[in-house]
Asks: 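After the structure tokens below, expect a handful of questions from me.
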Amino acid sequence: MDSKNNSFNERCYELLKLVPKGKVTTYREIAKALHTNAWRAVGNAMAKNKSLFVIPCHRVVRSNGSLGQYALGADKKSELLIKEGVIVTNGRVKDLGKFIHRFST
DNA sequence: GGCGTGACCCCAT
DNA sequence: TATGGGGCCACGC
């Protein structure tokens, strides 16, 4: 489980699972947590994610406050975030820095 | 073993 | 504030 044999994309899922409800994270933060600048690969991992019903992919948003894409649709993503307690307006997070969750202090 | 793609990010104007 | 252009990494074929 805590093995380091997991692929890069699986590590993204693990970090994502660490995000509590009512909070969100950014692709940039995940990449940083992995000590890499592969935000591209992170998004790619979500796009190919097979654990859509196991990983809260809807809690991942872009660094500029936009929600980004979602397997079920960006519209559904915003709905879920709002239900989680995140303030979303016009498809964008109102106070990203307030809901952002960082894996590092 | 190499190329293209992608749920992106940052900077300058 | 919005828009355009360039660049980064991992995965699949």
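Every heavy atom of this structure was used, including side-chain atoms; hydrogens, water molecules and symmetry mates were not. Below, chains carry the letters A, B, ... as their sequence lines are ordered, and counting in each starts from 1.
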Asks: Both A/Arg92 and A/Asn37 contact DNA chain C. Which one's nearest nucleotide lies toward the 5' end?
Replies: A/Arg92
Asks: Quick one: do A/Phe8 and A/Leu16 end up in the same hydrophobic cluster if we chain Ile, Leu, Val, Met, Phe, Trp and Tyr together by side-chain heavy atoms under 4.5 Å apart?
Replies: yes
Asks: Return the value, rounded to whole Å, for the distance between atom CD1 of A/Ile55 and atom C1' of B/dA7.
Replies: 15 Å
Asks: How about A/Ser66 and A/Val61: do any of their side-chain heavy atoms sit closer than 4.5 Å?
Replies: no
Asks: Does anyone know the first and last nucleotide of DNA chain C in reach of chain A, 5' to 3', at under 4.0 angstrom to a heavy atom?
Replies: C/dG7 to C/dC11
Asks: Enumerate the side chain to side chain donor-acceptor pair (under 3.5 Å) contacts for residues 15-40 of chain A, please, sequence neighbours excluded, ordered by first and then second residue.
Replies: A/Glu14-A/Lys17
Asks: Applying salt bridge (Lys or Arg N to Asp or Glu O under 4.0 Å), name anything that partners A/Lys94, two or more places apart in sequence or on another chain.
Replies: none
Asks: Going by salt bridge (Lys or Arg N to Asp or Glu O under 4.0 Å), name the pairs with one or both residues in residues 63-73 of chain A, residues two or more places apart or in two chains.
Replies: none
Asks: Over all strands shown, is A/Ala41 touching base, sugar-phosphate only, or nothing at heavy-atom distances under 4.0 angstrom?
Replies: base
Asks: At under 4.0 Å between heavy atoms, how does the protein contact nucleotides 8-13 of chain B? Give one character per nucleotide, 5' to 3', with B, S or -.
Replies: BSS---
Asks: With side chain to side chain donor-acceptor pair (under 3.5 Å) as the rule and sequence neighbours excluded, what pairs involving residues 72-90 of chain A come up?
Replies: A/Arg59-A/Glu84
Asks: Using side chain to side chain contact (heavy atoms under 4.5 Å, CB included), reason through A/Tyr70 and A/Leu80 one step at a time and then give a plain yes or no.
Replies: CA-CA 11 Å; A/Tyr70 185 51; A/Leu80 290 168; 3.9 Å; yes
Asks: Please confirm whether A/His101 and A/Phe103 have ring centers closer than 6.0 angstrom.
Replies: yes
